[in-house]
Amino acid sequence: MDTQRFEQIVARISTVVLGKEPQIRLALTCLFAGGHLLIEDRPGIGKTTLAKVLAKCLGLTFQRVQFTSDMLPGDILGVSIYDQNSGSFYFHPGPIFTQVLLVDEINRAMPKTQSALLEAMEEGQVTIEGETRDLIPPFFVIATQNPLEYAGTFPLPESQMDRFLMRITVGYPDRGAEKDIIRGGGTQKALAGIKPCMTEDDVIGVQEEVGNVHLSDSFLEYLQNIIAYTRSTPHFHVGLSPRAGIALAMAARSWAFIQGRTYAVPEDLKKVLFQVAGHRLRSASDRMEIPETRLMALFSEVPVPV
Amino acid sequence: MDKRQEFIPPILLALFVAILPHVAGLPLWVIAWCAFMWTYVMVAIKHNRPPPGRFVRNALAVIGLAGLLLTYHTRIDATAYVSLLAIMAAIKPLEISTHRDGMVTVFLAYFIVITSLFQSETLLMTIYMFVSVLVTTAVLVRINDPAGRLKAHFRLSALILAQAVPLMLALFFLFPRLEGSLVGFQRSDFGITGFSETLRPGMVSRLVEDDSVAFRVEFDDGIPGFEQLYWRGVVFVHFDGSNWRHERWLRESAPPETGVNDGVSYRVILEPHRSRWLFALDFPLMIPDTGRLYEDFTVLSRDPVFRTKRYVMTSDLRDHTGKTGFPGDELIRLPGSGNPESRALAARLAESSDSPGEVIRRALDYFRDNDFVYTLTPPLAGRNPVDDFLFSARSGYCEHYASAFAFLMRSAGIPARVVGGYQGGEINPYGNYLIVRQSFAHAWVEVWDEDKGWFRVDPTYVVAPGRISDGPGDGLQPGAFGGFTGRYLQPFEALLRQARFGWDAFSKNWQAWFEGYSVEQQKALLERLGIAYSYRTGPLMLLGAGLSLVALLFGVYLVIQLRGKTEKPDLVKKRYEEFLRKMAHAGIARLPGEGPMEFAERAALARPDLAPAINEITGIYIMLRYAPLPHDPDAPGKLADGVKKFRPSAVASKD
């Protein structure tokens, strides 16, 4: 895949999600890196539309689950049902047996149900009633959630948040784009007309190529400077984990790849830094998340090795 | 990937450059063989044809060897050896398929380059060999880095060569010099002329048109007059009626007792002539360490002179040796019969004279008074060559005069012998030294007298005095020298002569310092350094010292290696920091958290006039810092250049 092809994909998704190209790029970066994506914003902004169009565009099998407060793990993983004719149990697979799982409003379900996703997201397998079943790769979870201050939500535990490679926000559309959205009266028709931009093989190939993007010693030095900064300075409640370090490297690789490069530079890391690190870091003073501008200002103190 | 397409063209280039100096010397079929094989290989790889199979290759090798055997039989000399290398070099490219094959073939090319020394050691050849090694090394670099740029390969090759020069000089001065020929092979014998052990009529005159240099001489205190410059080479004693032959069994002797202690001192730079003669002015007093003086006052080198030889001598320039004992009947012996008229003439001269001195004078008068002609083209002699010369033809070159005169002397009972060598010389105004060419070859007579000992009589001088005072061309009958070229080249003659002298002076210095660097010079150098050097054990000592030095250096290298790599200075970092300093000086400082791209973008926006340079430097820097290996080998150089040339003014130029 080259940058031209990538731009085509971005353009096609933009016909549905208007005026949100940077977010589309970041979302694709996350998926090409083989990571799970969390889209967070207020209701009505177009999170679900973005998630759906991404899922559709990747050309993979697709399932959607709307999380609610009364949802149970079995509703996602599947259950064994007694068949009266044969007199035995047979497994009825849940929606998780797919390649792209769109989890809408993930923070509306109870933590118990949220945790049902953990094993699937980390290991690509599920264990149901003592039996482990593999999921077919590539397996992505694209989840959407409302910000925590909204009523009727259960905040995701930190361990769950860490499973998402990147978290992006969508934000209000600009005036021109919003005009088009309102005039169109909704995205359902556009969404229905969209065709897959990639195939399963394409996705696997891209993931492989992203994995081959070169990380030089200088790059890794910068990455470690960043991690060390989160651990050694007093701004953060807890520093970034080694898993976060891996996540940063993968995301930077993916960004470098869509720029058409075979090696990552510090700028690639900076582009994805907030999306990868933002949901993993809390302020030391109030244990709250740190806004993007503030976080990036802090990170600008980290020296790039010459 | 097929290595053939990558490897073969550069390797063929290296082989071609290496073989080129030998083209004139190799048998024609060997040249054709090389040309055919190489052309075939080029065509084959162009059309992607597979290489010939094992059977064909073996058959070619056998045919090549058989050809060599037919050409040379068992005469293994330098050309045979080079021919073998050439034949193998021609078929080796047929089987190159791996990297290793390529390397082996390049080493073969190096080997062939060395063999150029069989041809000559002149300045030109040395320069050519340097070029050859440069090309071959570049090819070696190229087959190890096929993707790189040719220019970079040559640059690296030149660098390696430059680094090798100190080692080369050290080896040149200190590696034990050996007398004799290189690695046991005799150098090929084209174009080497000079004296042999027999003086035949026509032998000296054959040399007259040979312009090549026999030797060059530098005198310590001015060049003596030409009529004193008799360069003694070989003494002919035995006469068989037409030819004079050298005495093989000679005893060593002390220098003649001329009564003179400090003669004329001079340095001779002798061209290789494959014999042992060392030419010396009459009469030698002091001779070089590696030479020996014999009873006939000729000087012979211990070994045949296969390489340019430089030696210092002192001679007494008087024309006689001083009192010596009667040389023996051998010196008045003549064949039992033949040349009766000459014998009769000698008898008449002896009868009517009171002393040997008068016999000599009257014999010379005979030449002077009978219209003898000095010419290169005398009529062919019959059964009695001396009679024919003295009484009917009366024309000839110096060897005829010398031979006839010596015959007359012996017939009259006076000991006499013929001396072969060179007479005179040509002064090179550039450098003020004497050039003695083959064309100065000469033959004269030495006669024994009770009081004076051996003394020189040159009958040619009587006939053609100009020959002695002005050089070999003078006094010759017209037609002897090429009048045609002379006439047409006249306007350029002065210029040509000047150029020729200039070049000769240049090559003389080269020879004196490089080719003529021999055991004696090495000994002198070492002794100046305070190291005693003997000819017998010296080479072994030097070799041992050299080997210990190499072992020591290798040991030091190993220690450094084992200690772990010494911290290599990060040049990329240094260059980029220099760039950042220059930018800061121009008012745009990089922030610590700024990546190179961000900085370049910001800087280019602030200073559009510098944008191209900034982007170029940043691009190379990012490539070197972040891209996977291997990097473009030129990139560090380009970065250094770019940063060096980058000179931002403090304020953007206003458009």
Side-chain angles (χ1 to χ4, degrees), chain A residues 3 208-230 232-233 235 248-249 251-274 276-277 292-306, chain B residues 147 564-565 567-586 588-605 611 614-633 635-636 639-640 642-644 646:
Chain A
T3 34
E208 215 165 85
E209 282 186 71
V210 166
N212 287 336
V213 168
H214 178 69
L215 302 181
S216 68
D217 286 345
S218 298
F219 175 86
L220 291 174
E221 204 182 322
Y222 178 60
L223 198 159
Q224 289 190 293
N225 285 353
I226 296 257
I227 295 174
Y229 180 80
T230 64
S232 60
T233 54
H235 307 295
L248 281 171
R253 271 180 163 146
S254 186
W255 185 267
F257 172 76
I258 66 177
Q259 303 299 314
R261 258 183 284 109
T262 56
Y263 51 90
V265 297
E267 281 84 350
D268 297 323
L269 182 54
K270 289 184 180 191
K271 289 281 188 219
V272 296
L273 187 51
F274 178 72
V276 177
E292 180 168 6
T293 45
R294 164 100 181 106
L295 189 64
M296 291 314 285
L298 285 175
F299 279 137
S300 73
E301 290 172 16
V302 180
V304 176
V306 171
Chain B
K565 275 187 185 152
E567 200 61 25
K568 257 204 326 193
D570 188 346
L571 281 180
V572 177
K573 180 184 165 97
K574 222 174 115 186
R575 305 282 179 230
Y576 189 67
E577 277 174 344
E578 191 184 338
F579 164 72
L580 291 179
R581 262 201 307 281
K582 286 179 174 177
M583 285 304 295
H585 198 67
I588 306 165
R590 189 186 79 115
L591 306 172
E594 216 167 11
M597 282 177 171
E598 291 168 321
F599 175 66
E601 205 175 316
R602 183 166 67 87
L605 268 179
I614 292 172
N615 288 334
E616 200 204 332
I617 291 168
T618 307
I620 302 169
Y621 166 73
I622 287 175
M623 205 267 289
L624 285 173
R625 197 81 307 188
Y626 297 106
L629 294 167
H631 296 144
D632 176 4
L639 181 65
V643 173
K644 205 168 159 193
F646 183 68

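Every chain is numbered from 1, with letters handed out A, B, ... down the list of sequences. Note that the structure is predicted; figures quoted are calculated from it, not measured. Values reported hereafter were calculated over all heavy atoms of this structure, with side chains retained and with hydrogens, waters and symmetry mates removed.
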**Asked** With only heavy atoms counted, which part of A/V302 is less than 4.5 Å from chain B, the side chain, the backbone, both or neither?
**Response** backbone
**Message:** Heavy-atom cut-off 4.5 Å, strictly under: side chain, backbone, both or neither for A/S300 against chain B?
**Reply:** backbone
**Item:** Within 6.0 angstrom of A/D217 CG, more than 12 heavy atoms from elsewhere
**Value:** no
**Item:** Side-chain heavy atoms of A/V265 within contact of B/P596, under 4.5 Å
**Value:** no
Provide the closest heavy-atom pair for [X] versus [Y] in the form atom of the first, atom of the second, distance.
X      : Y      : value
A/V306 : B/K573 : O-CG, 3.8 Å
A/P305 : B/Y621 : O-OH, 3.9 Å
B/Y626 : A/S218 : CE2-CB, 3.6 Å

**Fill in**
Separation between CD (A/E267) and CD (B/E601), nearest 0.5 Å, reads 8.5 Å
**Message:** Could you measure the distance from the NZ atom of A/K270 to the CD atom of B/E594? Nearest 0.5 Å is fine.
**Reply:** 6.5 Å
**Item:** Region of B/L580 in contact with chain A, defined by heavy-atom distances below 4.5 Å
**Value:** side chain
**Prompt:** So which of A/Y222, A/F299, A/F219 has the largest heavy-atom pair count under 4.5 angstrom toward chain B?
**Reply:** A/F219
**Request:** Evaluate side-chain contact (heavy atoms from CB on, under 4.5 Å) for A/V304 paired with B/R590, printing each intermediate quantity in order.
**Result:** CA-CA 10 Å; A/V304 176; B/R590 189 186 79 115; 3.8 Å; yes
